[in-house]
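Report on the following structure.
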Amino acid sequence: MTSKLTGTTALVTGASSGIGAATARQLAALGASVALVARRRDRLEALAAEIEQSGGTALVIEADITNRAQAQAAVDQTVERFGQLDILVNNAGLMLLGPVVGADPEDWDRMIAVNVQGLLHTTHAALPHLLKAVEDSPRRVADIVNISSIAGRVAWNGYGVYNLTKFGVNGFTESLRQEVTQRHVRVGVLEPGGVDTELGSHNTAEVRGEMIDPFYEQTEVLAPEDIADGVAYMVTRPRHASIGELWIMPTDQA
Ligand code: NDP
């Protein structure tokens, strides 16, 4: 059976949980061969088995994308196995909240390393292949979807460096869109509001208790599948239509 993405290859970073795992499942269901990239190999293997059982195709790539060589190798392995790369979903991310005053700068380094530098590493490695896919594949278009956040549009007290990384992702996305869109690589940003994932779990008990848990208790948040639907929408538009920005919020979140 042919589906909208049959014959394409997608690479999803942060595919071991949350939005990345849901996106990989969704793209595979639409017919893409999917490279699953993250550090937790066991999670990736379980997801790959699930995708294969449903008739899809998946490749497990254990990589830390903050390491430029590992990010490059992840892209290289994908192209080696599937022969091409049509879709890059830059989803891996880290959110460590709290005041700037008295913060541990190591936390900032870790966020900047994943949310900004990791995204740059995979993007840089993928671009030559995406440009080539436009020429070679019947689809004649390629896609980068960067998972930013409402925190890339609005700044809040206590979100400082996370805001910095996501505002940065938005700016970079629009600049790159202008650079490559006329070569038919579509570059867009997807900005979720609250989604039910592991994202908040890496924070201290104090931050979770004050800034994260109350929000999740009071709000009917999105499911990872809601965001995966958004990614699927962006990458299945006809060749002449490019979604530069998609902002998906829980109805409940003001
Ligand atoms: P999760 O914590 O569930 O997923 C984060 C993913 O990133 C994991 O798969 C993790 O895998 C991966 N990751 C982290 N560091 C690295 C690294 N160095 N190298 C490779 N992979 C890495 O959270 P979400 O699914 O929520 O997050 C996905 C994206 O969505 C993030 O960019 C986040 O900022 C964004 N977002 C989330 C929102 C939410 O409310 N949940 C709202 C708005 C945006 P592993 O640990 O195995 O490496």
Side-chain angles (χ1 to χ4, degrees), residues 4-5 10-30 32 34 36-38 40 43-44 46-47 50-51 54 87-97 111 114-115 118-119 143-159 162-170 173 186-203 207-237 243-254:
K4 284 183 177 166
L5 296 179
L11 185 158
V12 181
T13 69
S16 58
S17 63
I19 294 168
T23 299
R25 264 188 215 104
Q26 170 84 284
L27 298 182
L30 287 167
V34 184
L36 311 173
V37 178
R40 288 171 293 176
R43 295 279 202 103
L44 298 179
L47 178 60
E50 189 194 316
I51 288 173
S54 312
I87 298 165
L88 170 65
V89 183
N90 280 315
N91 162 78
L94 180 64
M95 178 187 77
L96 301 171
L97 305 181
M111 270 192 290
V114 185
N115 300 1
L119 178 144
D143 288 280
I144 298 177
V145 177
N146 291 332
I147 306 299
S148 177
S149 170
I150 182 180
R153 302 173 55 100
V154 183
W156 292 306
N157 187 357
Y159 279 67
Y162 186 67
N163 279 138
L164 172 76
T165 64
K166 295 299 189 180
F167 271 72
V169 167
N170 282 18
T173 303
R186 299 182 292 207
V187 186
V189 76
L190 196 164
E191 299 142 327
V195 188
D196 184 14
T197 71
E198 297 171 19
L199 191 70
S201 69
H202 308 289
N203 286 275
V207 167
R208 288 202 309 272
E210 283 176 15
M211 300 181 65
I212 298 173
D213 297 346
F215 168 77
Y216 278 84
E217 280 155 22
Q218 290 157 22
T219 313
E220 188 186 345
V221 294
L222 298 163
E225 291 72 22
D226 295 316
I227 306 307
D229 283 348
V231 176
Y233 177 78
M234 291 170 79
V235 302
T236 55
R237 292 311 83 211
I243 309 297
E245 182 176 18
L246 185 58
W247 180 23
I248 305 181
M249 291 289 282
T251 308
D252 234 5
Q253 183 178 354

Item to check | Full working for side chain to side chain contact (heavy atoms under 4.5 Å, CB included) between I51 and L36 | outcome: CA-CA 11 Å; I51 288 173; L36 311 173; 4.3 Å; yes
Next on the checklist: If the test is side-chain contact (heavy atoms from CB on, under 4.5 Å), which one of T165, N115, I212 qualifies with M95?
Outcome noted: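 Answer to the side-chain contact (heavy atoms from CB on, under 4.5 Å) test with M95 among T165, N115, I212: I212.
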Checklist entry - Listed by chain and number, what are the salt bridge (Lys or Arg N to Asp or Glu O under 4.0 Å) partners of E245, not counting sequence neighbours? => result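 Salt bridge (Lys or Arg N to Asp or Glu O under 4.0 Å) list for E245, sorted by chain: R153.
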Checklist entry - Of all residues at least two apart in sequence or in a different chain, which pass the salt bridge (Lys or Arg N to Asp or Glu O under 4.0 Å) check with E225? => result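 Not a single residue meets the salt bridge (Lys or Arg N to Asp or Glu O under 4.0 Å) criterion with E225.
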With rounding to the nearest 0.5 Å, note down the distance linking [atom1] in [X] to [atom2] in [Y].
X: L190; Y: I19; atom1: CG; atom2: CD1; answer: 8.0 Å
X: S17; Y: E198; atom1: OG; atom2: CD; answer: 4.0 Å
X: L119; Y: T173; atom1: CG; atom2: OG1; answer: 6.5 Å
X: E191; Y: N146; atom1: CD; atom2: CG; answer: 10.5 Å
X: T219; Y: D196; atom1: OG1; atom2: CG; answer: 11.5 Å
X: L5; Y: Q26; atom1: CG; atom2: CD; answer: 9.0 Å

Heavy atoms only: give me the nearest [X]-[Y] pair and the separation to one decimal.
X: V89; Y: V231; result: CG2-CG1, 4.0 Å
X: G14; Y: N91; result: O-ND2, 3.2 Å
X: F215; Y: V221; result: CE2-CG1, 3.8 Å
X: L47; Y: A24; result: CD2-CB, 4.1 Å
X: A223; Y: V195; result: C-CG1, 3.7 Å
X: V189; Y: S148; result: CG2-CB, 3.3 Å

Do [X] and [Y] make a side-chain contact, defined as non-hydrogen atoms from C-beta onward lying under 4.5 Å apart?
X: P192; Y: I147; answer: yes
X: L94; Y: M111; answer: yes
X: I227; Y: L222; answer: yes
X: L96; Y: N203; answer: yes

Run the side-chain donor-acceptor check on residues 246-254: report pairs under 3.5 Å with partners two or more places apart or on a different chain.
{"unit_1": "D252", "atom_1": "OD2", "unit_2": "E220", "atom_2": "N", "d": "2.9"}
{"unit_1": "Q253", "atom_1": "OE1", "unit_2": "G194", "atom_2": "N", "d": "2.9"}

Item to check | Heavy-atom neighbours of Y216 OH exceed 12 at 6.0 Å | outcome: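 Yes, OH of Y216 has more than 12 neighbouring heavy atoms, counting only those of other groups under 6.0 Å.
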Next on the checklist: Between N163 and V154 (side chain of the first, backbone of the second, donor and acceptor by atom type, cut-off under 3.5 Å), is there such a pair?
Outcome noted: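 Looks like yes, one N/O pair under 3.5 Å.
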Checklist entry - Hey, is the main chain of A38 close enough, under 3.5 Å, to the side chain of R43 for a donor-acceptor pair? => result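 Between the backbone of A38 and the side chain of R43 there is no qualifying donor-acceptor contact (under 3.5 Å).
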Checklist entry - Parallel under 30°, tilted from 30 to 60°, perpendicular over 60°: which one fits the rings of Y162 and Y159? => result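 Plane angle between 30° and 60°, so tilted.
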